[in-house]
**Q** 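Let me give you the structure first, and then I'll get to my questions.
We count ligands from 1, going down the list as the structure has it; atoms in each ligand are counted the same way.
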Amino acid sequence: MNTPHLAVTGLHAGYGRARVLFDINLTIPTGTITCVMGRNGVGKTTLLNTIAGLLTPTQGTITHNGTDITNKPPHTRIRGGMAYAPQGHDTFAPLTVADNLHLAHHATRRGGPELITRALDRFPRLKPLLHRRAGLLSGGQAQQLAIARALVTNPTLLILDEPTEGIQPSIVAEIEQAITDIAAEGTTILLVEQYLDVALRLADHVTVLDAGRITHSGARADLTDTDAQALLAI
Ligand SMILES: Nc1ncnc2c1ncn2[C@@H]1O[C@H](COP(=O)(O)OP(=O)(O)OP(=O)(O)O)[C@@H](O)[C@H]1O
Ligand SMILES: [Mg+2]
């Protein structure tokens, strides 16, 4: 069997005495889209933050391309090809769109300036906004910048937390198309997505969390839409 792109084994995590994640086991094959779903507050963001290295697990291991990264800082993971666009499309608000992209590109140096051109071609709405401060962007524009900023680090594993949250349908469709295209070029994607229809179109694998535990994990192809609705109607 091929080494999975990412493997999470026996992971427990939380904040101080508040335990949030319990015995999470997740294997993400290279070149696939895995979608994590579940109600508000079940621990989806906590799981992505732990994988990205922003939170240290209390137990368990995280393996990236066969290397144990459980105790590696976020910048080591980014240099290893992991990129994370957190929930809430956080950008460097005082900086321009161009500076947001150049800063992320320069900080990681995982390729030449063509990475910036490619990211802008992926999100052409950003092109006329290059000199605007990121803090002034609309929610949809900021989300596209957040993903573009992840892309300029040339990731092989792209982690996205609710990239369509609070965004109008036409922009949601553009973001969905971008994710489809990025995956088609071979990038592995780990995604939290609350819109069931978007999730079911994108996902190769679906993982459902409830109260910090995995309650379902399997191939999208094995799920009927009715099954998916039942799983999430919790
Ligand atoms: N920094 C923190 N300190 C303490 N508790 C936290 C912190 N961040 C999150 N939590 C708690 O951990 C639990 C899981 O939160 P998390 O943000 O992972 O949920 P989520 O599934 O991403 O929810 P949503 O769908 O609303 O984004 C919640 O009970 C939340 O209140
Ligand atoms: Mg969340």
**Q** Do L130 and T96 have side-chain heavy atoms sitting under 4.5 Å apart?
**A** no
**Q** Examine ligand 1 and decide if any of its atoms is less than 4.0 Å from a heavy atom belonging to G43.
**A** yes
**Q** With heavy-atom distances below 4.0 Å as the criterion, list the atoms of ligand 1 near E162.
**A** 25 (O), 27 (O)
**Q** Among the clusters formed by ILVMFWY side chains lying less than 4.5 Å apart, do L48 and L21 turn up in the same one?
**A** yes
**Q** Indicate whether the side chain of T188 and that of H5 have a donor and an acceptor atom separated by less than 3.5 Å.
**A** yes
**Q** Among all protein heavy atoms in this structure, tell me which lies nearest to atom 10 (N) of ligand 1, with the distance rounded to 0.1 Å.
**A**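 For this ligand atom, the closest protein heavy atom is Y15 CE1, 3.3 Å.
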**Q** What is the closest protein heavy atom to atom 26 (O) of ligand 1, and at what distance does it sit?
**A** N40 ND2, 3.1 Å
**Q** Could you tell me the residue and atom name of the protein heavy atom closest to atom 15 (O) of ligand 1, and the distance to it rounded to 0.1 Å?
**A**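 Answer, as residue, atom name and distance: T46 OG1, 3.7 Å.
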**Q** Take the Mg ion (ligand 2) as the vertex and measure to OG1 of T45 and OE1 of Q87; round to 10°.
**A** 80°
**Q** Verify whether one side chain among T164 and E176 offers a donor that lies under 3.5 Å from an acceptor in the other.
**A** no
**Q** Report, in ascending order of atom number, the atoms of ligand 1 lying under 4.0 Å from any heavy atom of Q87.
**A**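 Answer, ordered by atom number: 27 (O).
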**Q** Within the 3.5 Å criterion, strictly below it, is a donor on T70 or D68 matched to an acceptor on the partner's side chain?
**A**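 The answer is yes; a qualifying pair exists.
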**Q** Would you say G41 touches ligand 1, if touching means a heavy atom closer than 4.0 Å?
**A** yes
**Q** Give me the residue, atom name and distance of the protein heavy atom closest to atom 25 (O) of ligand 1.
**A** K44 NZ, 2.7 Å
**Q** Which option out of L54, T45, V36 puts a heavy atom nearest to atom 22 (O) of ligand 1?
**A**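 Nearest option to atom 22 (O) of ligand 1, by heavy atoms: T45.
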**Q** Applying a strict under-4.5 Å side-chain criterion to I, L, V, M, F, W and Y, I'd like to know whether L54 and I69 cluster together.
**A**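 Hydrophobic grouping puts L54 with I69.
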**Q** Check each atom of ligand 1 against the heavy atoms of Q194 and keep those under 4.0 Å away; list them by number with element.
**A** 25 (O)
**Q** For the pair D161 and K44, find out whether any cationic side-chain nitrogen is under 4.0 Å from an anionic carboxylate oxygen.
**A** no
**Q** Does F92 have R149 sitting over its ring (NZ/CZ under 6.0 Å from centre, angle to axis within 45°)?
**A** yes
**Q** Determine whether T3 and T30 make a side-chain contact, defined as any pair of heavy atoms from C-beta on separated by less than 4.5 Å.
**A** no
**Q** Can you check atom 30 (C) of ligand 1: any protein non-hydrogen atom closer than 4.0 Å?
**A** no
**Q** If we only count N/O pairs under 3.5 Å, is V42 in contact with ligand 1?
**A** yes
